[in-house]
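One structure is given here, and the rest of the page talks about it.
Everything numeric here is computed off the predicted structure, so don't read it as measured data.
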Amino acid sequence: GQSYGVFGNLQYRIKPLQSNIKASIGANQSTYFNVINNSELRKNTSSNLQTTLNWRTNFNGNFNFSLGTEWNKSYMKAPNFSNDFTNGFSYLDLYYDLNSRFELKSTLEHYYFGNLASAQRNHFFLDFMATYKFKNDKYTLSLTGKNLFNKKEFSTYNVSDYGYSTNNYSLMQRYVLLSFKYRFSL
């Protein structure tokens, strides 16, 4: 078989915006041969295009964020079979430091699987965390929330030269956790 690939990556600091921008793109194609269930030698071709973009701030103030997305377009061709699909992932992370002792963080994520039924294509998740460090830094109090949209199931889609698969995962239900940490001195 043969494989070809091209990849590029760009990172740039935008000083006036106190931000970093990252972008990358990659493409590859592979041709390979195999035998399945006593078949003749089969020629298979797999192609993939992946793009990512990320914007991360580094403000001097209390607020910062990170915003990004990644998309993957794949195509598979085998004798008597061909399939293509697009999967994506996007996120937004928000950070807020009220002062040196109190921090807030939230994460919003979106997963997209283009070949699933329309009701299963989009998955959204929201998490948050609030942390307070007491004055002497020995005690920390945190409030954490996970899966706040209470997503019950997560499905993924994959394709290969002999078929495709859908995987379903049961998820832990939404929860909120209050925690207290004590740091011992040495």
Side-chain angles (χ1 to χ4, degrees), residues 9-14 16-26 50-74 85-159 164-186:
N9 189 20
L10 174 68
Q11 297 184 37
Y12 186 72
R13 170 106 174 118
I14 303 172
L17 294 178
Q18 296 177 328
S19 300
N20 292 322
I21 301 287
K22 295 180 185 179
S24 65
I25 188 167
Q50 183 175 1
T51 57
T52 61
L53 183 61
N54 176 272
W55 177 15
R56 182 177 198 90
T57 63
N58 190 20
F59 300 138
N60 292 328
N62 298 356
F63 176 76
N64 279 290
F65 67 88
S66 181
L67 175 67
T69 190
E70 178 179 312
W71 290 89
N72 187 6
K73 174 77 172 167
S74 296
F85 65 96
T86 301
N87 292 341
F89 167 70
S90 300
Y91 66 91
L92 172 63
D93 295 337
L94 303 174
Y95 309 94
Y96 185 74
D97 294 336
L98 187 62
N99 54 43
S100 63
R101 293 185 285 172
F102 187 63
E103 302 172 349
L104 297 172
K105 178 185 178 187
S106 69
T107 299
L108 175 64
E109 296 176 335
H110 170 239
Y111 294 84
Y112 174 83
F113 298 97
N115 279 30
L116 294 176
S118 63
Q120 296 176 325
R121 284 185 190 155
N122 293 290
H123 301 275
F124 292 91
F125 298 94
L126 178 63
D127 299 337
F128 83 91
M129 178 181 264
T131 304
Y132 182 79
K133 295 177 184 175
F134 289 86
K135 200 170 193 173
N136 61 9
D137 220 16
K138 285 186 129 187
Y139 308 99
T140 303
L141 184 65
S142 297
L143 181 66
T144 304
K146 296 286 187 179
N147 192 14
L148 295 180
F149 293 141
N150 207 24
K151 187 79 172 169
K152 308 276 189 218
E153 185 177 86
F154 185 76
S155 301
T156 62
Y157 181 85
N158 294 297
V159 66
Y164 59 90
S165 65
T166 301
N167 299 305
N168 296 314
Y169 303 93
S170 295
L171 299 175
M172 185 180 291
Q173 68 183 12
R174 166 183 39 220
Y175 70 90
V176 176
L177 177 68
L178 180 65
S179 64
F180 180 79
K181 292 181 187 176
Y182 175 75
R183 191 175 71 174
F184 293 96
S185 297
L186 296 177

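Side chain of Asn64 to main chain of Phe59: a donor-acceptor pair is present (N/O by atom type, distance under 3.5 Å, no hydrogens or angles). One N or O on the side chain of Thr57 and one on the backbone of Phe65 form a donor-acceptor pair closer than 3.5 Å. Listed for the Asn58 side chain is no donor-acceptor partner under 3.5 Å among the backbone atoms of Asn20. At distances below 3.5 Å, at least one donor-acceptor pair connects side-chain atoms of Arg174 with backbone N or O atoms of Leu148. A side-chain donor-acceptor contact under 3.5 Å links Arg121 to the backbone of Gly114. A donor-acceptor distance shorter than 3.5 angstrom exists from the side chain of Asp127 to the backbone of Asn147, with no hydrogens or angles considered. Side chain of Asp97 to backbone of Asn62: no donor-acceptor contact under 3.5 angstrom is found.
Residues Glu153 and Leu171 come closest through the heavy atom pair C-CD1, 4.0 Å. Of all heavy-atom pairs spanning Thr69 and Ser90, the tightest one is OG1-OG, 2.7 Å. Gly88 and Trp71 get closest at one heavy-atom pair: CA-CE3, 3.3 Å.
The shortest distance between side-chain heavy atoms of Gln120 and Phe113 does not fall below 4.5 Å. Counting only heavy atoms from C-beta outward, the side chains of Met129 and Glu103 never approach each other to under 4.5 Å. Between Leu94 and Tyr96, every side-chain heavy-atom pair lies at or beyond the 4.5 Å cut-off. Between Phe134 and Tyr182 there is no side-chain heavy-atom pair separated by less than 4.5 Å. Between Leu67 and Leu53 the shortest side-chain heavy-atom distance does not fall below 4.5 Å. In this structure the side chain of Phe128 never reaches within 4.5 angstrom of the side chain of Leu104, judged on heavy atoms.
The structure places CD1 of Ile21 at 12.0 Å from CZ of Arg56, a figure rounded to the nearest 0.5 Å. To the nearest 0.5 angstrom, Asn54 atom CG is 9.0 Å from Gln11 atom CD. Summarising the geometry, atom OG1 belonging to Thr86 is positioned 3.5 Å from atom NZ belonging to Lys73; distances are rounded to the nearest 0.5 Å. Expressed to the nearest 0.5 Å, how far NZ of Lys138 lies from CZ of Phe184 amounts to 8.5 Å. Once rounded to the nearest 0.5 Å, the distance linking CD of Gln50 with CD of Glu70 reads 4.0 Å. Rounded to the nearest 0.5 Å, atoms NZ (Lys152) and CG (Asn168) are 15.5 Å apart.
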Stepwise, does the side-chain contact (heavy atoms from CB on, under 4.5 Å) test hold for Thr144 with Thr131? CA-CA 9 Å; Thr144 304; Thr131 304; over 6 Å; no
Walk me through it: do His123 and Lys151 pass the test side-chain contact (heavy atoms from CB on, under 4.5 Å)? CA-CA 8 Å; His123 301 275; Lys151 187 79 172 169; 2.9 Å; yes
Does the pair Phe180 and Tyr139 meet the rule for a ring pair (Phe, Tyr, Trp, His ring centres under 6.0 Å), with working shown? CA-CA 7 Å; Phe180 180 79; Tyr139 308 99; 5.8 Å; yes
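Relative orientation of the Tyr111 and Phe125 rings is perpendicular, given thresholds of 30° and 60° on the angle between their planes. Aromatic ring orientation, Phe102 versus Tyr132: tilted (interplanar angle from 30° to 60°). Ring geometry, His110 versus Tyr112: the interplanar angle falls from 30° to 60°, so the pair is classed tilted.
When each of Thr52, Thr51, Asn9 is tested with Ser24 by the rule side-chain hydrogen bond (donor to acceptor under 3.5 Å, both in side chains), just one qualifies, namely Thr52.
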